[in-house]
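In what follows, chains are A, B, ... by sequence order, proteins preceding strands, each numbered from 1.
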Protein chains: 2
Amino acid sequence: MSLATDGADKPTLYKRIRADIEKRILTGEWPPGHRIPFEHELVARYGCSRMTVNKALSELAQADLIERRRRAGSFVRRPQHQSAVLKIADIRAEITALGRAYGYELISRKLRAATAADRERLGVRKAGKVIAISCRHSADNVPFAVEDRLIDLASVPSAATADFSREPPGSWLLHHVPWTEAEHTISAIVADDRTAEALDIAVGAPCLVIDRYTWRSARTITAVRLLYPGESHRLVARFKGG
Amino acid sequence: MSLATDGADKPTLYKRIRADIEKRILTGEWPPGHRIPFEHELVARYGCSRMTVNKALSELAQADLIERRRRAGSFVRRPQHQSAVLKIADIRAEITALGRAYGYELISRKLRAATAADRERLGVRKAGKVIAISCRHSADNVPFAVEDRLIDLASVPSAATADFSREPPGSWLLHHVPWTEAEHTISAIVADDRTAEALDIAVGAPCLVIDRYTWRSARTITAVRLLYPGESHRLVARFKGG
DNA sequence: TTGACTTATATGTCTAGACATATAATCGTA
DNA sequence: TACGATTATATGTCTAGACATATAAGTCAA
């Protein structure tokens with residue numbers, strides 16, 4: 001509309017308060033340990049009610065930028081240097097985001113009674129059926145990652161009839177299983193014969209490994225190992241805090 | 001009212017509302033796409049004011065568990081399967097948390113005018129001085145990681161006189177530079193001669209690599225490369241969302 | 001000096017309203 | 001039927017209070 005000159009649209013007051021404080025912390029004007037103004041002081045400065053500044057400060061506390069202590073005040077926290085947001089995108093999304101052509105290929109799919117090794121890997125005790133899947137993702141027809149997955153059929157019965165020859169199991173699960181929790185473990189190995197062939201790299205070349213273990217309400221859903229060529233693939237995590 | 005009987009302490013009302021809803025989402029009772037009750041319905045159910053349920057729902061929206069749409073209502077989001085919280089702890093903290101003895105050893109420290117390669121690595125244009133540090137972290141006297149770091153003295157002048165023979169540069173920076181932003185890149189390589197010797201592993205053994213690039217207010221602070229023995233070290237990221 | 005008790009105060013939570021705003025639904029018209 | 005205008009409504013933000021509660025700081029006695 002008419003006011004195209006500068007700062008976009010009008011942010012709400014509590015967002016402006018939050019941004020003001022965040023800026024002073026991030027520029028170092030208010031270093032770690034610094035006591036930021038009391039709520040009543042901010043109320044006076046911005047001419048608003050206490051609930052408004054409280055909302056701003058609560059969000060900063062939730063983001064771990066400040067620490068709030070009763071009776072004492074609110075203080076700039078020391079950066080933690082420890083929690084980063086690591087984007088582990090769906091492989092198809094990752095590849096298409098790079099502007100490359102996504103390719104998928106099912107290598108093997110076996111439905112079997114869970115072996116001792118399967119139960120160990122899934123972290124379940126009871127016997128039951130599992131699906132073991134091996135597949136490959138490629139970008140512009142170059143191998144991008146190989147996937148080795150185990151799905152617990154007791155938790156996801158409908159996986160028995162899913163067609164994994166066209167849809168990657170990761171996408172299928174994402175659309176057929178609601179909210180889950182997961183644990184990722186990242187490590188490095190060197191390619192053995194089988195891996196080297198699947199990824200079209202040399203035996204002994206480095207590989208990045210992501211092991212993901214997924215569950216819902218304490219029930220195991222799936223365990224997957226992803227192998228990437230180590231020198232060409234990178235995981236990027238960007239974050240605030242040292 | 002008179003609903004006090006049970007044990008534990010009494011969580012506040014908005015936290016109870018948030019936990020109730022979160023539980024229904026996580027157990028799958030309310031699957032992705034499900035419309036959760038309107039604020040006025042929750043107000044009626046819990047017998048509280050709208051601001052209280054609004055606070056609960058706002059926090060769920062901030063955590064990306066629900067999506068709020070004006071006029072339409074609030075809906076359970078589809079899990080993203082893409083952002084994980086990766087804990088990249090301070091190495092000393094990581095080792096002591098494992099109950100092992102932390103050891104630190106400075107391998108080299110050089111103060112020099114930035115070379116073209118240094119400027120490239122730090123992403124700065126202007127000439128200036130840098131400190132290049134190479135050091136090793138160990139756990140119970142076993143090499144744990146080697147660190148190769150560059151610090152931009154224009155941004156952190158006091159680093160020139162810091163004693164890095166006893167304190168790791170990471171810890172020192174953490175305590176002398178306020179809030180920063182960083183980008184981590186994780187990859188895998190195989191050990192060359194120098195790395196193999198420093199980590200006491202075989203040449204050609206896999207290594208996990210973390211490259212961290214740190215800045216504050218668009219100003220580069222430091223660039224560091226951490227090398228871990230790939231098969232013994234693991235990065236763990238745990239999170240919600242598929 | 002130490003420990004126990006009291007007090008002051010900043011944050012934590014909550015209320016019962018208010019108006020703003022985006023937008024789904026409905027209605028009316030071409 | 002398709003499209004534009006209107007309306008209804010759920011969320012977004014805000015207010016001016018309130019009481020609860022943890023705790024820093026001060027007070028006083030042993």
Side-chain angles (χ1 to χ4, degrees), chain A residues 1-4 7-22 24-25 30 32-77, chain B residues 1-4 6-22 24-25 30 32-78:
Chain A
M1 317 308 184
S2 56
L3 47 146
D9 50 358
K10 192 182 73 179
T12 58
L13 181 51
Y14 93 87
K15 280 180 182 162
R16 220 186 79 212
I17 298 173
R18 172 158 61 73
D20 283 357
I21 296 171
E22 187 169 336
R24 295 202 209 222
I25 293 174
W30 287 348
H34 178 90
R35 208 208 77 225
I36 74 174
F38 294 130
E39 291 190 350
H40 66 83
E41 294 175 300
L42 292 169
V43 162
R45 177 174 316 178
Y46 288 95
C48 63
S49 83
R50 210 190 120 214
M51 277 301 283
T52 302
V53 307
N54 184 280
K55 181 161 185 171
L57 295 183
S58 294
E59 288 193 6
L60 288 170
Q62 247 188 293
D64 271 339
L65 258 86
I66 65 171
E67 184 190 351
R68 314 202 70 197
R69 291 209 303 271
R70 277 184 140 118
R71 166 72 211 247
S74 301
F75 300 83
V76 178
R77 282 184 69 106
Chain B
M1 319 311 174
S2 59
L3 46 140
D6 73 301
D9 49 352
K10 195 180 71 179
T12 59
L13 181 52
Y14 93 87
K15 280 181 182 160
R16 219 186 79 211
I17 298 173
R18 173 160 60 74
D20 283 356
I21 296 171
E22 188 169 337
R24 295 203 208 223
I25 294 173
W30 287 348
H34 177 90
R35 206 208 79 225
I36 74 174
F38 294 130
E39 292 190 349
H40 65 83
E41 295 175 299
L42 293 169
V43 162
R45 177 172 317 180
Y46 289 94
C48 63
S49 83
R50 210 191 119 216
M51 277 300 281
T52 302
V53 308
N54 183 280
K55 181 160 185 171
L57 295 182
S58 294
E59 289 192 5
L60 289 169
Q62 248 188 291
D64 271 339
L65 257 86
I66 66 171
E67 184 188 352
R68 313 201 70 196
R69 291 208 303 271
R70 277 184 141 117
R71 167 69 210 246
S74 302
F75 300 83
V76 177
R77 283 184 68 108
R78 188 168 298 290

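Between E67(B) and R78(B), no side-chain nitrogen of the basic residue sits less than 4.0 Å from a carboxylate oxygen of the acidic one, so the salt-bridge criterion is not met.
Side chains of Y46(B) and D20(B): a donor on one and an acceptor on the other come within 3.5 Å.
Side-chain atoms of E22(B) and L65(B), non-hydrogen and from C-beta on, do get closer than 4.5 Å to each other. S58(B) has its side chain out of reach of Y14(B): every pair of non-hydrogen atoms, C-beta onward, lies at least 4.5 Å apart. Residues K55(A) and R18(A) fail the side-chain proximity criterion, which asks for heavy atoms closer than 4.5 Å.
Interatomic distance, CD1 of I17(A) versus CZ of R45(A), reported as 10.0 Å (0.5 Å rounding).
Nearest-nucleotide positions on DNA chain C for A72(A) and R69(B) put A72(A) closer to the 5' end. Nearer to the 5' terminus of DNA chain D, by closest-nucleotide assignment, is the contact made by E39(B) (compared with the other of G47(A) and E39(B)). Toward the 5' end of DNA chain C, the nearer of the two residues R71(A) and R68(A), judged by each one's closest nucleotide, is R71(A).
Along DNA chain C, read 5' to 3', the first and last nucleotides having any atom under 4.0 Å from a heavy atom of chain A are dA8(C) to dC14(C).
Listed by residue number, the members of residues 50-60 of chain B with any heavy atom below 4.0 angstrom from DNA chain C are R50(B), M51(B), T52(B), K55(B).
Judged by the 6.0 Å and 45° rule, R68(B) forms no cation-pi pair with F75(B). Cation-pi geometry between R35(A) and F38(A) is met: the NZ or CZ atom falls under 6.0 Å from the ring centre, inside 45° of the normal.
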